[in-house]
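Just so we're clear, the structure is a prediction, and the values are computed from it rather than from any experiment.
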Amino acid sequence: MKTKELVDPNALYREQLSELGALLRSARQNQEQSLEVMAEKTLIRPSLLTAIEQGDLDGLPEPVYIRGLLRRYGDALQLDGETLASQFFTPPRIQRTSWKETPAAQLRPLHLYGAYFVLLVAAISGLSYVLRQTAPEVTVLPPLNPLEGVEAPSNPSSNNTPTPPAAEPEDPQAPIKVKMTLTAQSWLRITSDGRTEFEGILQPGDTRLWTADQALTVRAGNAGAVMVSHNDKQAEALGQPGMVREITYSPIDAISLAW
């Protein structure tokens with residue numbers, strides 16, 4: 001019965017390393033340098049330098065690093081480290097399974113596309129969840145009041161719009177009569193003889209009449225939407241659209257106080 005001889009696949013590379021190691025050891029000894037001194041110059045541990053000089057392939061790191069060690073050791077001994085390292089061919093120290101034989105390599109392109117699609121859907125779902133958790137709540141705000149500090153009374157059953165009081169009956173004896181008709185929404189404050197008669201928002205088409213004995217002040221947040229008739233004169237806009245204006249009416253004429 002014949003016995004099958006075991007062949008070392010790294011035998012050739014061990015021989016190469018032994019020859020290169022012997023060359024380096026001889027150069028070091030000729031220069032009368034110790035391993036400790038060379039370790040300081042090359043920043044290579046003395047144990048690795050010994051393994052190189054003895055051709056101990058198993059006592060060294062991966063082959064790709066062996067070539068770097070040979071180059072650095074050769075340069076420190078004033079040899080041509082690059083040429084020295086090029087004479088050592090990287091051996092396959094470890095027999096690794098080919099990538100083509102792994103389960104991942106057996107996947108067909110269709111499988112890969114399916115995996116990519118699943119990952120993409122999961123990423124989008126996760127991002128949507130995070131955005132929903134971190135997004136601020138949206139609150140529906142009531143119409144902005146044109147004047148700061150003035151709060152319109154709220155009533156949930158009437159869309160947060162205050163209900164204006166019924167028009168006061170016309171006083172034929174009052175020296176000041178101001179009739180106004182709204183062409184668009186506007187905030188208004190009416191002061192009659194120093195007393196606030198109305199403060200709120202009127203809607204397009206609303207018509208109101210206010211009277212006073214000495215002075216009647218009208219302050220509007222949207223002056224262009226308020227058509228005013230003073231003492232039965234021809235109606236005209238209180239001011240420009242979107243502008244805030246305040247006018248005080250006297251028995252004789254109107255006085256504009258502020259825009």
Side-chain angles (χ1 to χ4, degrees), residues 1-139 141:
M1 181 177 181
K2 294 183 179 180
T3 302
K4 186 177 181 181
E5 297 182 358
L6 297 177
V7 179
D8 184 3
N10 297 327
L12 176 61
Y13 307 113
R14 293 181 191 276
E15 182 179 354
Q16 291 177 347
L17 183 61
S18 297
E19 293 178 358
L20 294 174
L23 177 62
L24 292 169
R25 182 175 64 252
S26 176
R28 177 179 63 80
Q29 292 175 349
N30 290 336
Q31 297 179 22
E32 299 180 353
Q33 301 289 341
S34 65
L35 286 175
E36 289 72 15
V37 173
M38 297 309 301
E40 293 180 0
K41 289 183 178 182
T42 60
L43 301 179
I44 301 174
R45 296 197 305 271
S47 60
L48 295 179
L49 295 178
T50 300
I52 292 175
E53 291 184 354
Q54 294 178 357
D56 184 7
L57 189 64
D58 296 328
L60 294 170
E62 292 294 326
V64 66
Y65 298 111
I66 295 177
R67 300 188 68 172
L69 296 176
L70 291 171
R71 180 171 55 253
R72 190 186 306 176
Y73 198 3
D75 290 339
L77 291 171
Q78 298 180 357
L79 303 176
D80 188 350
E82 185 65 33
T83 302
L84 191 70
S86 65
Q87 298 180 32
F88 178 75
F89 298 94
T90 303
R93 289 278 310 275
I94 301 176
Q95 297 294 333
R96 295 183 175 86
T97 304
S98 174
W99 180 85
K100 295 181 179 180
E101 299 176 2
T102 61
Q106 303 302 321
L107 291 176
R108 297 181 178 179
L110 182 59
H111 297 160
L112 295 177
Y113 294 150
Y116 293 155
F117 178 76
V118 172
L119 290 176
L120 181 61
V121 171
I124 294 175
S125 300
L127 180 60
S128 299
Y129 175 78
V130 172
L131 291 177
R132 287 196 301 270
Q133 294 297 320
T134 58
E137 297 182 358
V138 179
T139 304
L141 299 177

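Within the 4.5 Å cutoff, the side chain of I66 has heavy atoms near those of the L57 side chain. For the pair S86/R67, a side-chain contact is recorded, criterion being any heavy-atom separation below 4.5 Å from C-beta on.
The two residues L20 and Q87 come nearest to each other via the heavy atoms CD2-OE1, 3.9 Å. Looking at every heavy atom in both residues, L48 comes nearest to G59 through CD2-O, 3.8 Å. When all heavy atoms of A51 and L60 are compared, the closest pair comes out as CB-CD2, 3.6 Å. The shortest non-hydrogen separation linking A39 to L49 is N-CD1, 3.7 Å. Between L84 and G74, the shortest heavy-atom distance links the atoms CD2-CA, 4.1 Å. Across all non-hydrogen atoms, the minimal contact from Y73 to T42 is CA-CG2, 4.2 Å.
Taken from CG in L17 to CG in L24, the straight-line distance is 9.0 Å, to the nearest 0.5 Å. Remark: L70 CG to D75 CG distance equals 11.0 Å, nearest 0.5 Å. The CG atom of L79 sits 12.5 Å away from atom CZ of R28, with the distance rounded to the nearest 0.5 Å.
A donor-acceptor pair under 3.5 Å is formed between the side chain of S18 and the backbone N or O of R14. Listed for the R25 side chain is a donor-acceptor partner under 3.5 Å among the backbone atoms of E53.
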TODO: Take K41 and L77 through the test side-chain contact (heavy atoms from CB on, under 4.5 Å) and record every step on the way to the result.
DONE: CA-CA 10 Å; K41 289 183 178 182; L77 291 171; over 6 Å; no
Task: Worked check of side-chain contact (heavy atoms from CB on, under 4.5 Å) between L43 and R72 - done: CA-CA 9 Å; L43 301 179; R72 190 186 306 176; 4.1 Å; yes
